[in-house]
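Here's the structure, in structure tokens; my notes come after.
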Amino acid sequence: MSTVTSTTTHRSVRSLARRTAWLANALFWSAFAVLEAVNHGWLAGTLALAFFVLPDLTFLVALDDAPRMAKGQLPPRAVPYYNAMHRALVPLALLLAYAFQPFFAWAPAFAALCGWLAHISYDRAFGYGLRTKEGFQRD
């Protein structure tokens, strides 16, 4: 009995630490996006805000299927788009390309990537992750 309680406590502590780390990431990328917007003008701010919102607009891909879905289920047709926009590796890879490729140096693009990473980090911090093939939250 105490082994089960210990395992459960260990998992919840790990989950809390993981969510706290994601929240720290979210605050970092939000601050970076705001800094880029202040330094590079309205276009950088607009793109940061657009990419902050854009990942959740993938819900619109299968909006006509939504009334037939269970509570909390994303229509399976929208899942590939949702998961693609909610993987942190995609904007991180683009940030690396931005950092090491001089032909891709455009400050508003960097601000957009900061906004995108902030969105993903906030989602993970508040318990929203990638979806299963059927459209439910993965554990």
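In this structure, CG in Leu89 is found 11.5 Å from CG in Leu95, a value given to the nearest 0.5 Å. Atom CZ of residue Phe110 and atom CG of residue Asn39 lie 11.0 Å apart, to the nearest 0.5 angstrom. One finds the CH2 atom of Trp22 at 13.5 Å from the CG atom of Leu27 (value rounded to the nearest 0.5 Å). Atom CZ of Phe52 sits about 14.5 Å away from atom CH2 of Trp116, to the nearest 0.5 Å. Here OG1 of Thr58 is found 11.5 Å from CG of Leu63. Values are rounded to the nearest 0.5 Å.
In this structure, Leu23 and Phe28 have side chains that are not in contact, with every pair of non-hydrogen atoms separated by 4.5 Å or more. Contact of the His86 side chain with the His119 side chain is registered, since non-hydrogen atoms from C-beta on lie closer than 4.5 Å. Leu92 is listed as a side-chain neighbour of Leu117, based on a closest heavy-atom distance under 4.5 Å. Here the side chains of Leu47 and His40 are not in contact, with every heavy-atom distance at 4.5 Å or above. Within the 4.5 Å cutoff, the side chain of Gln137 has heavy atoms near those of the Arg131 side chain. Inter-residue side-chain proximity for Asp123 and Ile120 is flagged as unmet; no heavy-atom pair is nearer than 4.5 Å. Inter-residue side-chain proximity for Tyr98 and Leu94 is flagged as unmet; no heavy-atom pair is nearer than 4.5 Å. Using a 4.5 Å heavy-atom threshold, the side chains of Tyr82 and Asp56 count as touching.
Taking the six-membered ring where the residue is Trp, Phe126 and Tyr122 present parallel rings, their angle staying beneath 30° rather than reaching 60°.
When the shell of 6.0 Å around CZ of Arg14 is examined, it contains 12 or fewer heavy atoms from other residues, nucleotides or ligands.
Here the closest heavy-atom approach between residue Thr9 and residue Ser12 is recorded as O-OG, 2.9 Å. Looking at every heavy atom in both residues, Val79 comes nearest to Lys133 through CG2-O, 4.1 Å. Across all their heavy atoms, Ala37 and Ala44 have their closest contact at CA-CB, 4.1 Å. Pairing each heavy atom of Ala33 with each of Ala111, the nearest pair is CB-O, 4.2 Å. Minimum interatomic distance between Ser30 and Ala118 (heavy atoms only, all atoms of both residues): OG-CB, 3.6 Å.
Members clustered with Met69: none, using a 4.5 Å side-chain heavy-atom cutoff among hydrophobic residues.
Applying the salt bridge (charged side-chain N to carboxylate O under 4.0 Å, His left out) test to pairs two or more places apart or on separate chains, none has a residue in residues 24-51. Applying the salt bridge (charged side-chain N to carboxylate O under 4.0 Å, His left out) test to pairs two or more places apart or on separate chains, those with a residue in residues 67-94 are Asp64-Arg77, Asp65-Arg68, Asp65-Arg77.
Val38 and Phe32 fall into different hydrophobic clusters, where Ile, Leu, Val, Met, Phe, Trp and Tyr residues are linked whenever their side-chain heavy atoms come under 4.5 Å apart, directly or through other members. In the hydrophobic clustering of this structure, Phe51 groups with Val90; members are Ile, Leu, Val, Met, Phe, Trp, Tyr whose side-chain heavy atoms approach within less than 4.5 Å, directly or through other members. When the side chains of ILVMFWY residues are joined at heavy-atom separations under 4.5 Å, either directly or via intervening members, Val53 and Trp29 end up in a single hydrophobic cluster.
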